[in-house]
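Letters A, B, ... mirror the listed sequences (proteins, then strands); counts begin at 1.
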Number of protein chains: 2
Amino acid sequence: MTNPKEAAHKATGHTQRGQCSKRLSILDAAAEVFCREGFAGASIDEIAVEAGVSRQTIYNHYREKETLFTAVVEDVMNRTNASLFSILATFPDKPDNLEDDLSAFAVRLAQNCLCNQDGKFLRKLVQSEGERYPQLFEGWRRHGPGKIGTALAALFARLSHGGGLQMDDFDLAARQFLALVNADLQMITLFGESPTGEQLDNAARNAVRTFLRAYSAPAGNPAMGADNGPQRAPQA
Amino acid sequence: MTNPKEAAHKATGHTQRGQCSKRLSILDAAAEVFCREGFAGASIDEIAVEAGVSRQTIYNHYREKETLFTAVVEDVMNRTNASLFSILATFPDKPDNLEDDLSAFAVRLAQNCLCNQDGKFLRKLVQSEGERYPQLFEGWRRHGPGKIGTALAALFARLSHGGGLQMDDFDLAARQFLALVNADLQMITLFGESPTGEQLDNAARNAVRTFLRAYSAPAGNPAMGADNGPQRAPQA
DNA sequence: GACGTTTTAGACAATAGTGTCTAATTTGAC
DNA sequence: GTCAAATTAGACACTATTGTCTAAAACGTC
């Protein structure tokens with residue numbers, strides 16, 4: 001028995017709803033189980049039960065456990081990626097209150113990418129299986145935190161140019177921004193639960209305040225251009 | 001080559017040296033294998049081979065796999081804890097250059113607790129098995145990042161009182177300090193390798209610069225005052 | 001209703017791992 | 001050298017899991 005289904009699924013737009021919905025529920029259940037049990041601990045039977053399909057159907061769509069795993073990782077990465085950019089687009093073009101805008105932005109980012117089910121999945125699985133599948137997660141490095149990093153860096157560059165921020169290493173600032181947002185959150189998410197709205201708000205507020213204390217342009221200096229104020233001594 | 005066997009260990013009633021060294025090599029090998037394979041993926045046989053003992057000896061010392069696992073976690077936590085406090089003691093009583101002293105401190109912290117083999121173990125295993133063994137890792141929360149957090153907070157309180165720093169939430173500052181140090185490091189450690197000395201230096205330097213820009217007391221302001229306004233640091 | 005495809009349940013072999021048991025062997029203390 | 005404790009190798013029963021196979025059932029389309 002070859003696999004006409006994979007070809008059919010990819011090539012033709014003739015996809016049947018049944019097939020597709022099975023695929024989706026398998027991916028969903030697999031993400032759940034892989035995340036909960038890890039790759040070695042997850043059993044195909046468990047996934048099949050949770051997905052509401054027979055084990056054979058899984059082996060039908062994905063040759064073996066590893067194939068399923070990589071498919072799940074790619075699926076979650078794509079979803080996270082999409083969500084990421086839709087959130088980036090929500091940052092106002094002309095922020096009127098940088099602290100409020102950045103805080104709200106951090107909250108959206110945290111709850112849709114970081115504290116998400118998908119975010120949890122990626123964090124856990126990259127951590128535990130990253131060394132075993134380097135080429136798989138190298139995509140995550142580039143398109144996950146890598147991409148959010150560069151996107152954030154671009155945002156900060158824009159804000160710097162607009163005069164609200166002042167910094168010389170946008171990538172560094174982006175990494176630090178994310179680290180600060182996570183500072184208060186990781187203890188919660190690591191414990192396995194999702195932060196409440198209030199916890200999210202506080203974490204974002206704390207992160208943004210510190211970030212702005214380090215990087216906001218001197219008040220009353222509507223700086224244009226890239227000139228550097230007397231803010232920091234470029235050390236060594 | 002993992003046998004510091006002359007270390008004085010816990011006296012368990014009938015202490016013989018042979019027993020003790022076996023115990024240590026079992027714990028060592030188990031830590032290695034659990035870290036590499038996760039709890040489910042690790043096999044007792046693999047650990048036995050790596051430890052250079054027979055499988056039966058492991059079952060002799062630890063009733064079952066789970067017992068061994070918890071013993072390993074506790075062992076690693078204790079080691080990390082000890083290392084932590086010895087490092088904390090290295091921070092000078094009267095720092096002459098806050099940036100340099102904090103950077104050097106951050107480097108020591110990172111390479112002895114965070115990027116360590118033990119640090120890697122705790123990060124990975126807490127992440128992947130934390131939800132399954134909450135009571136086990138609750139100790140980690142209190143004595144790991146929890147304890148380092150409070151110890152750091154105490155340090156920052158001292159520095160604030162001395163006039164070098166200015167902040168009103170010491171615990172928050174401690175969390176943020178650690179987060180900033182990790183900001184540049186986690187991408188490296190997550191990938192599985194240890195950072196070079198240069199990477200460590202840069203990460204620490206970047207973290208401390210941002211931290212001080214957010215929290216250093218205004219120059220020429222000797223001390224006191226729990227109040228901190230939204231001022232930034234002209235530093236240098 | 002007929003037909004091709006997908007799905008299903010279940011049996012199946014093969015492999016791997018856990019934890020126990022026993023008997024032989026080593027080890028260290030006296 | 002003796003003796004007891006620790007260690008070892010190996011067999012063992014038991015369970016779990018992977019991945020394959022087959023024949024029956026469900027599904028969708030015409």
Side-chain angles (χ1 to χ4, degrees), chain A residues 1-30 32-34 36-72 129 132, chain B residues 3 5-6 9-30 32-34 36-72 129 132-133:
Chain A
M1 162 168 344
T2 57
N3 31 3
K5 30 236 156 191
E6 204 145 39
H9 170 263
K10 281 217 161 104
T12 77
H14 182 45
T15 49
Q16 294 172 339
R17 277 305 87 114
Q19 236 183 104
C20 212
S21 95
K22 296 273 180 201
R23 271 192 118 90
L24 286 189
S25 57
I26 290 173
L27 284 177
D28 253 11
E32 177 79 21
V33 176
F34 276 134
R36 191 172 58 233
E37 316 279 351
F39 178 78
S43 87
I44 301 286
D45 295 276
E46 203 176 346
I47 294 172
V49 169
E50 196 143 325
V53 303
S54 83
R55 179 178 66 242
Q56 193 56 30
T57 303
I58 294 183
Y59 282 109
N60 248 344
H61 287 279
Y62 308 94
R63 241 179 307 281
E64 52 189 357
K65 196 180 177 182
E66 204 165 308
T67 315
L68 173 60
F69 181 66
T70 62
V72 172
E129 323 286 351
R132 205 183 305 275
Chain B
N3 275 344
K5 45 189 64 171
E6 297 325 334
H9 202 55
K10 270 194 154 154
T12 55
H14 47 294
T15 322
Q16 287 180 325
R17 248 183 300 277
Q19 234 183 107
C20 207
S21 99
K22 297 275 181 200
R23 272 192 118 90
L24 285 188
S25 58
I26 290 173
L27 284 176
D28 254 11
E32 177 80 22
V33 176
F34 276 135
R36 190 172 60 234
E37 317 278 352
F39 178 79
S43 87
I44 301 286
D45 295 276
E46 203 175 347
I47 295 171
V49 169
E50 194 144 327
V53 302
S54 84
R55 180 178 66 243
Q56 193 55 31
T57 303
I58 295 183
Y59 281 109
N60 199 1
H61 285 279
Y62 308 95
R63 236 174 298 283
E64 53 190 356
K65 196 180 177 181
E66 205 165 306
T67 315
L68 173 60
F69 181 66
T70 62
V72 172
E129 323 285 351
R132 204 183 304 275
Y133 304 90

Checklist entry - Closer than 4.0 Å, any side-chain N/O of Lys22(A) to the OP1 or OP2 of dT8(C)? => result yes

Next on the checklist: By nearest heavy atom, map Ile44(A) and Gln56(A) onto DNA chain D; which one lands nearer the 5' end?
Outcome noted: Ile44(A)

Checklist entry - Backbone N or O of Arg36(B) within a donor-acceptor pair of the Arg132(A) side chain at under 3.5 Å? => result yes

[atom1] of [X] versus [atom2] of [N]: gap in Å, rounded?
| X | N | atom1 | atom2 | value |
| --- | --- | --- | --- | --- |
| Glu64(A) | dT15(C) | CD | P | 16 Å |
| Ile26(B) | dA6(D) | CD1 | P | 13 Å |
| Asn60(A) | dT22(D) | CG | P | 14 Å |
| Tyr62(B) | dT7(D) | OH | P | 11 Å |
| Glu46(A) | dT18(D) | CD | C1' | 15 Å |
| Tyr59(A) | dG10(C) | OH | C1' | 15 Å |
| Leu68(A) | dT18(D) | CG | P | 10 Å |

Checklist entry - Contact class for Ala40(B) vs. all strands (heavy atom < 4.0 Å): base, sugar-phosphate, or nothing? => result nothing

Checklist entry - When all nucleic acid strands are considered with a 4.0 Å heavy-atom cut-off, which category describes Ala48(B): base, sugar-phosphate, or nothing? => result nothing

Measure from the side chain of [X], starting at C-beta and using heavy atoms only, and say which of [options] lies closest.
| X | options | value |
| --- | --- | --- |
| Thr57(B) | dT8(D), dT20(D), dA11(D) | dT8(D) |
| Lys65(B) | dG19(C), dT18(D), dT8(D) | dG19(C) |
| Ser43(A) | dT7(D), dT18(D), dT7(C) | dT18(D) |
| Arg55(B) | dG19(D), dT8(C), dG19(C) | dG19(C) |
| Asp45(A) | dT18(D), dT20(C), dT8(C) | dT18(D) |
| His61(A) | dT18(C), dT20(D), dT7(C) | dT7(C) |

Checklist entry - Would you call the rings of Phe39(B) and Tyr133(B) parallel, tilted or perpendicular if under 30° counts as parallel and over 60° as perpendicular? => result perpendicular

Next on the checklist: For the CD atom of Glu64(A) and the CD1 atom of Ile44(A), what is their distance to the nearest 0.5 Å?
Outcome noted: 9.5 Å

Item to check | Straight-line distance of Ile47(A) CD1 to Ser25(A) OG, nearest 0.5 Å | outcome: 11.5 Å

Item to check | pair Lys65(B)-Leu68(B): side-chain heavy atoms closer than 4.5 Å | outcome: no

